[in-house]
Amino acid sequence: MTRKRILTGDRPTGKLHLGHYVGSLANRVRLQDEYECFFIIADLHTLTTRPEKENIEGLRQNVIDVVLDYLAAGIDPAKSVIYLQSAVPTVYVMNLLFEMLVTVPRLSRIPSLKEMARAANIGEEQMPFGLLGYPVLQAADILMPRANLVPVGKDNESHVEITREIARRFNSLYEEVFPIPDVLLSDVPSLIGTDGQAKMSKSLGNAIFLSDSAKTVRQKVFSMYTDPNRVRADIPGQVEGNPVFVYHEVFNPDKAEVADLKDRYRQGKVGDVEVKEKLATALNSFLDPIRERRATYEAHSGLVERVIYEGTERAAEEARETELLMRKAMGLTGIWNRISRKARQAIEKEAEAQST
């Protein structure tokens with residue numbers, strides 16, 4: 001490997017939103033010139049909470065939408081590998097082998113797994129083995145291309161620590177096959193939703209999507225939660241923690257305008273309408289080029305499918321190399337080689353005896 005590698009990705013549960021952009025996408029776009037990047041569409045992970053057939057049948061369009069958002073955000077398939085997790089058989093093998101290297105109590109201590117179970121209305125007694133082993137499958141994803149760096153949101157940091165532990169244990173038990181990957185958190189690890197109550201999420205209905213029209217963005221901005229104690233524009237308002245100003249800080253490049261709005265809001269000299277109008281303008285200016293690129297890619301029939309196909313072929317090639325390194329390190333290749341060699345010798349001897 002001439003450059004260090006990155007592995008990160010998304011579950012294909014629908015279109016991506018601004019929270020995905022600030023949480024990870026922006027870092028991916030920025031780093032793709034510096035690192036060799038592998039971006040996974042983690043469809044197997046969706047089965048940990050929704051294994052039903054109807055969910056699987058709906059995945060195809062979600063996969064297409066996620067990759068369209070990748071391309072629209074600026075990920076270049078000529079520089080980065082975009083691939084479908086379930087189409088790389090080595091991931092299943094690595095997941096099985098890594099399950100031997102981590103304990104159930106260790107996995108049970110990961111708080112985000114319980115949160116995922118609650119979000120999926122799964123009681124603690126009904127937690128599937130696959131959901132408990134979610135971080136092990138993530139370790140297989142990360143270590144398949146032998147990644148050095150993992151850009152993730154804050155809620156996935158503990159999962160990457162499991163990967164680091166598994167990599168160390170494998171290297172210690174067998175041979176040093178895997179680098180110990182580091183975590184890269186974004187400057188905005190999580191983005192509060194438009195409701196002001198929880199982080200932005202598709203399932204909570206508090207998201208602004210990268211593909212939303214300008215009209216939809218404006219509607220969502222004007223429905224945003226602000227200071228509940230400010231019933232009139234002449235009442236001084238709270239800026240800190242106010243979602244409208246959080247978004248201004250992140251997406252409005254005119255810092256002088258943001259500072260002026262904050263000052264007047266604190267003094268009760270500006271109304272929510274003006275603050276939100278300027279936020280809608282800033283957000284739409286930010287999203288306009290993303291929407292334009294998405295429309296261009298969407299208009300080319302088969303282009304997204306080709307990006308996924310070629311990326312998956314490249315990932316599978318890398319996966320085969322990693323699997324071979326693992327098998328050699330563990331001694332599994334030697335077992336099969338000796339058995340198959342002995343079997344071939346017996347077959348050849350039997351054939352020779354029958355011919356004489």
Side-chain angles (χ1 to χ4, degrees), residues 1-9 36-48 51 81 83-108 110 113 128-150 159-182 311-351:
M1 296 185 292
T2 57
R3 291 186 295 168
K4 288 188 175 182
R5 289 181 172 175
I6 280 177
L7 183 287
T8 190
E36 189 176 0
C37 294
F38 287 76
F39 298 132
I40 182 174
I41 311 301
D43 54 333
L44 291 177
H45 284 292
T46 66
L47 306 183
T48 57
V81 178
Y83 71 98
L84 186 64
Q85 179 191 34
S86 63
V88 182
T90 291
V91 172
Y92 303 84
V93 176
M94 293 180 67
N95 181 55
L96 175 65
L97 295 176
F98 287 162
E99 285 172 355
M100 318 303 175
L101 306 181
V102 64
T103 66
V104 169
R106 176 65 183 92
L107 294 174
S108 300
I110 299 176
L113 293 183
F129 175 75
L131 181 54
L132 181 66
Y134 190 107
V136 182
L137 183 55
Q138 278 191 324
D141 297 330
I142 294 166
L143 297 176
M144 183 278 289
R146 305 188 297 286
N148 307 95
L149 191 67
V150 188
H159 293 195
V160 180
E161 186 54 40
I162 290 287
T163 300
R164 291 165 58 85
E165 292 172 15
I166 287 174
R168 289 193 192 99
R169 182 154 172 75
F170 185 96
N171 292 346
S172 174
L173 284 174
Y174 308 114
E175 294 176 12
E176 193 161 329
V177 171
F178 300 111
I180 310 303
D182 291 318
T312 303
E313 288 288 291
R314 170 71 182 87
E317 177 186 346
E318 192 63 42
R320 287 189 290 270
E321 182 178 336
T322 299
E323 184 178 349
L324 181 59
L325 289 171
M326 288 181 66
R327 287 179 176 275
K328 285 183 176 178
M330 298 174 74
L332 294 176
T333 303
I335 295 173
W336 175 247
N337 285 345
R338 286 192 294 272
I339 290 173
S340 60
R341 183 169 60 250
K342 194 74 172 178
R344 286 194 301 270
Q345 288 171 353
I347 292 169
E348 289 168 2
K349 187 176 180 179
E350 183 179 338

Side-chain donor/acceptor of [X] to backbone N/O of [Y], under 3.5 Å:
X: N95; Y: A140; value: no
X: Y174; Y: R327; value: no
X: S340; Y: W336; value: yes
X: Q85; Y: L44; value: yes
X: D141; Y: V91; value: no
X: T312; Y: L84; value: yes

Which pair of non-hydrogen atoms, one from [X] and one from [Y], has the smallest distance, and what is that distance?
X: V88; Y: A316; value: CG1-CA, 4.1 Å
X: A147; Y: P181; value: O-CB, 3.6 Å
X: P145; Y: R5; value: O-NH1, 2.8 Å
X: P135; Y: T163; value: O-OG1, 4.4 Å
X: P179; Y: A167; value: O-CB, 4.0 Å

> So V177 and L143, side chain to side chain contact (heavy atoms under 4.5 Å, CB included) or not? Walk me through it.
Replying inline: CA-CA 9 Å; V177 171; L143 297 176; over 6 Å; no

As an exercise, state the distance from [atom1] of [X] to [atom2] of [Y], rounded to the nearest 0.5 Å.
X: I166; Y: M100; atom1: CD1; atom2: CE; value: 11.5 Å
X: E176; Y: L325; atom1: CD; atom2: CG; value: 12.5 Å
X: L332; Y: L324; atom1: CG; atom2: CG; value: 11.0 Å
X: L137; Y: T48; atom1: CG; atom2: OG1; value: 8.5 Å
X: E36; Y: E318; atom1: CD; atom2: CD; value: 7.0 Å

>> Is it true that, when you exclude E161 itself, more than 12 heavy atoms of the residues, nucleotides or ligands shown sit nearer than 6.0 Å to its CD?
In response: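 Count over threshold, so yes.
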
> Going through the checks in order, is the side chain to side chain contact (heavy atoms under 4.5 Å, CB included) test met by L101 and L173?
Replying inline: CA-CA 10 Å; L101 306 181; L173 284 174; 3.7 Å; yes

> Is there a side-chain contact between T322 and F178 (heavy atoms, below 4.5 Å)?
Replying inline: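 Yes; the side chains approach each other to less than 4.5 Å.
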
>> Does any part of the side chain of H45, heavy atoms only, come nearer than 4.5 Å to the side chain of Q138, both counted from C-beta?
In response: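 They are in contact (side-chain heavy atoms under 4.5 Å apart), so the answer is yes.
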
Between [X] and [Y], is there a side-chain N and carboxylate O pair less than 4.0 Å apart?
X: R344; Y: E348; result: no
X: R146; Y: E321; result: yes
X: R320; Y: E323; result: no

> Out of N148, L149, V150, which residue meets the side chain to side chain contact (heavy atoms under 4.5 Å, CB included) rule with D182?
Replying inline: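 With D182 as partner, N148, L149, V150 yield a single side chain to side chain contact (heavy atoms under 4.5 Å, CB included), made by L149.
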
>> For a side chain to side chain contact (heavy atoms under 4.5 Å, CB included) check, start with the C-alpha distance between R106 and I162, then their side-chain angles and the critical distance, and finish with the verdict.
In response: CA-CA 9 Å; R106 176 65 183 92; I162 290 287; 3.5 Å; yes

>> Walk me through whether L97 and F170 qualify under side chain to side chain contact (heavy atoms under 4.5 Å, CB included).
In response: CA-CA 10 Å; L97 295 176; F170 185 96; 5.9 Å; no

>> Can you classify the ring geometry of F38 versus Y83 as parallel (below 30°), tilted (30 to 60°) or perpendicular (above 60°)?
In response: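 Correct class here is perpendicular.
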
